[in-house]
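Down below is the structure, laid out as structure tokens.
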Amino acid sequence: MKPCNHGKPSQTKMLIMVRIFCFCLVSTLLSIQGSLTLTPNESIQGNRTLVSSAGTFEAGFFNFGNSQGHYFGIWYKNITPRTIVWVANRDAPVKNSTAFLTLTEQGVPVILDASRSVVWSSNTSRTAKKPVMQLLDSGNLVVKDEDDTKNLLWESFDYPGDTFLAGMKLRTNFVTGSFRSLTSWKNAEDPGSGEFSYHIDAHGFPQLVTTKGEILISRGGSWNGFVFSGVSWRRMLTLVNFSLVINDKEVIYQYETLQAEIVTRLVINPQGFVQRLLWSGRNRGWEILSTRPMDQCEYYAFCDVNSMCNVTNSPKICTCLEGFVPQFYEKWSSLDWYGGCVRRVNLSCDGDGFLKYTGMKFPDTTSSRYDESLSLEKCEKLCLKNCSCTAYANIDVNGTGCLLWFGNISDLTRHTDQGQDIYIRLAASELDHRGNNQSFDNKKLAGILVGIAAFVMVLGLATFTYMKRKKVSKGGVFMKK
Ligand SMILES: *[C@@H]1O[C@H](CO)[C@@H](O)[C@H](O)[C@H]1NC(C)=O
Ligand SMILES: *[C@@H]1O[C@H](CO)[C@@H](O)[C@H](O)[C@H]1NC(C)=O
Ligand SMILES: *[C@@H]1O[C@H](CO)[C@@H](O)[C@H](O)[C@H]1NC(C)=O
Ligand SMILES: *[C@@H]1O[C@H](CO)[C@@H](O)[C@H](O)[C@H]1NC(C)=O
Ligand SMILES: *[C@@H]1O[C@H](CO)[C@@H](O)[C@H](O)[C@H]1NC(C)=O
Ligand SMILES: *[C@@H]1O[C@H](CO)[C@@H](O)[C@H](O)[C@H]1NC(C)=O
Ligand SMILES: *[C@@H]1O[C@H](CO)[C@@H](O)[C@H](O)[C@H]1NC(C)=O
Ligand SMILES: *[C@@H]1O[C@H](CO)[C@@H](O)[C@H](O)[C@H]1NC(C)=O
Ligand SMILES: *[C@@H]1O[C@H](CO)[C@@H](O)[C@H](O)[C@H]1NC(C)=O
Ligand SMILES: *[C@@H]1O[C@H](CO)[C@@H](O)[C@H](O)[C@H]1NC(C)=O
């Protein structure tokens with residue numbers, strides 16, 4: 001709504017405009033039934049709310065039906081049933097509906113209970129003279145100084161809950177290893193911090209992971225230049241634009257919607273499933289664009305090491321990579337994938353080669369290294385130079401960068417749509433009787449076929465000549481030089 005026209009009107013015109021402005025302001029306030037800002041002498045309590053300027057998001061207290069806990073959270077204003085995207089006091093519910101949220105004189109958001117003791121407070125260290133709290137249309141609740149609106153004193157986007165909204169940033173610090181993650185709720189009616197975390201793992205090349213405590217549950221894949229590869233991403237890229245920035249210190253992941261009308265969120269649910277949802281105004285519901293893990297192959301290392309997972313091959317969904325055999329044959333044949341696969345022939349370090357797999361979701365990059373400037377040829381050479389390097393690939397789908405894996409290959413699966421090529425190291429003797437380099441092999445095969453054909457022809461010709469001679473010589477011995 002733009003009620004103000006900054007022209008140079010006459011006084012009467014000005015008066016009319018002021019009236020229009022007031023009318024608009026009042027009707028806006030009436031239509032959104034919430035305040036646009038909060039200052040230290042004001043508070044939010046009961047069913048009073050804070051609303052973003054275009055009326056996209058609303059913030060206030062809520063509770064779950066008959067449950068005792070009251071929470072201060074953010075939800076979509078125009079979507080029912082109410083979809084909570086952030087909760088301030090998720091681990092400190094207030095028992096009493098008389099609790100309220102306010103700003104301290106210094107600009108620290110606090111939730112106080114009826115006895116005025118602090119239930120929750122933000123971790124703001126910076127202070128302001130004229131602090132004001134505002135809910136942005138991105139769903140970000142911010143505190144800034146009225147005299148310096150560019151610098152935020154605090155923002156809820158820095159403290160994600162279970163929901164990843166457009167414009168939020170997931171960061172992982174290479175130096176300290178600390179990361180900003182989504183954390184699941186305890187259950188559908190308890191937003192308290194649950195067991196599952198969704199974040200960027202940066203031990204090797206950055207990958208998106210879901211963990212339960214210290215345990216890796218599922219990988220969202222590694223960055224392929226456009227997206228973390230684990231999803232079916234063609235449709236996704238018509239809706240959102242993902243970006244990954246890697247600098248010396250940290251890796252930063254975020255996304256934007258390509259059109260303002262697109263309403264999408266990613267959420268990690270209390271059971272640890274990560275879902276990307278899209279609001280469908282027509283169906284008045286959330287459409288699920290992706291869920292992970294979706295099948296057994298999406299559980300981390302379901303087939304253990306040096307193997308490949310293929311759900312369409314059920315129940316025998318695990319197979320050893322070419323040149324590998326089950327570590328425990330009996331277990332493997334009774335569909336127990338424990339132990340995975342081991343090399344039939346050890347690498348010799350010198351003179352090994354590579355077998356190409358196309359359309360793959362890359363294996364675990366925990367023990368990987370990368371160089372964004374190297375070509376594929378240089379990448380192969382680099383891998384061959386190090387005896388513990390077991391695979392290499394281009395980093396992104398456009399064919400740039402070099403990614404190297406060391407040790408066992410874990411969690412390699414065929415990609416659902418456009419996957420990537422990976423080259424897995426094998427001893428030369430293994431490659432000799434396998435489809436190594438395909439063009440080379442086809443040539444070899446063609447050569448063999450031509451050879452056989454020629455041999456048959458020569459043999460046929462020789463037999464024919466021999467028979468003929470035999471006939472001519474009538475029992476005489478035909479000697480071939
Ligand atoms: C609250 O404080 C602001 C300035 O911080 C002031 O403009 C406003 O009048 C005050 N409101 C009330 C109800 O005291
Ligand atoms: C707000 O709360 C008051 C008292 O709790 C109640 O009387 C009123 O109906 C509520 N208003 C709305 C719009 O829910
Ligand atoms: C909230 O707490 C206050 C003080 O502890 C008490 O007087 C009031 O009755 C409580 N209200 C409710 C709804 O429990
Ligand atoms: C504030 O920081 C302390 C220590 O760094 C931490 O324990 C606490 O959970 C933080 N609180 C919030 C609301 O982030
Ligand atoms: C990939 O190539 C396309 C077309 O050449 C280009 O538009 C795009 O920016 C490239 N993307 C990356 C991640 O390199
Ligand atoms: C995607 O986002 C990046 C940065 O966030 C921006 O540079 C790029 O132009 C965007 N691409 C599209 C297609 O919007
Ligand atoms: C997966 O299994 C199906 C069914 O057996 C088969 O057609 C397909 O080729 C397999 N894919 C891979 C990558 O092995
Ligand atoms: C590779 O996997 C095998 C079989 O599970 C295991 O015995 C071995 O310790 C692993 N090696 C490394 C370096 O993790
Ligand atoms: C292969 O290597 C392993 C350990 O690296 C060793 O125990 C085994 O004997 C080797 N096998 C052969 C056939 O050399
Ligand atoms: C091979 O790579 C491993 C893993 O990055 C590294 O620890 C080792 O030093 C490398 N060896 C050589 C000879 O470069």
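Keep in mind that what you see is a predicted model, and the values were worked out from it rather than measured. What's counted below: heavy atoms across the whole structure, side chains too, no hydrogens, waters or symmetry copies. Just follow the structure's listing: the first ligand is 1, and inside any ligand the first atom is 1.
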Under a 4.0 Å threshold between the charged nitrogen and the carboxylate oxygen, would [Y] count as salt-bridged to [X]?
X      : Y      : answer
Arg235 : Glu287 : yes
Asp158 : Arg180 : yes
Glu298 : Arg292 : no

Which of the ligand 8 atoms, numbered from 1, are nearer than 4.0 Å to a heavy atom of Gly339 = 4 (C), 5 (O)
List every atom of ligand 8 that sits less than 4.0 Å from any heavy atom of Val305, numbering the atoms from 1 in the order shown and giving each element.
-> 2 (O), 4 (C), 5 (O)
Residue among Tyr392, Tyr370, Tyr423, Phe362 satisfying ring-ring contact (aromatic ring centres under 6.0 Å, His included) with Trp405 | Phe362
Min N/O separation Asn408 to ligand 8 under 3.5 Å | yes
Could you tell me how the ring of Trp286 sits relative to the ring of Tyr76: parallel (under 30°), tilted (30 to 60°) or perpendicular (over 60°)?
-> tilted
Are Cys309 and Cys303 within a span of less than 2.5 Å, counting SG to SG?
-> no
Please state whether the sulfur gamma atoms of Cys383 and Cys389 sit closer than 2.5 Å to each other.
-> yes
What atoms in ligand 10 come closer than 4.0 Å to a heavy atom of Asn386?
-> 1 (C), 2 (O), 3 (C), 8 (C), 10 (C), 11 (N), 12 (C), 14 (O)
Going by the atom numbers of ligand 10, which of them fall below 4.0 Å from some non-hydrogen atom of Ser388?
-> 1 (C), 2 (O), 3 (C)
Heavy atom under 4.0 Å from ligand 10: found in Lys385's side chain, backbone, both, or neither?
-> neither
Phe61/His70 aromatic ring centres below 6.0 Å | no
Taking the six-membered ring for Trp and the full ring for Phe, Tyr or His, determine whether the centres of Phe72 and Phe62 are under 6.0 Å apart.
-> no
Could you pull out every protein residue that has a heavy atom closer than 4.0 Å to ligand 7, ordered by chain and then number?
-> Asn310, Thr312, Asn313, Arg414
At a 4.0 Å cut-off, with the gap strictly under it, does some heavy atom of Gly407 reach an atom of ligand 8?
-> no
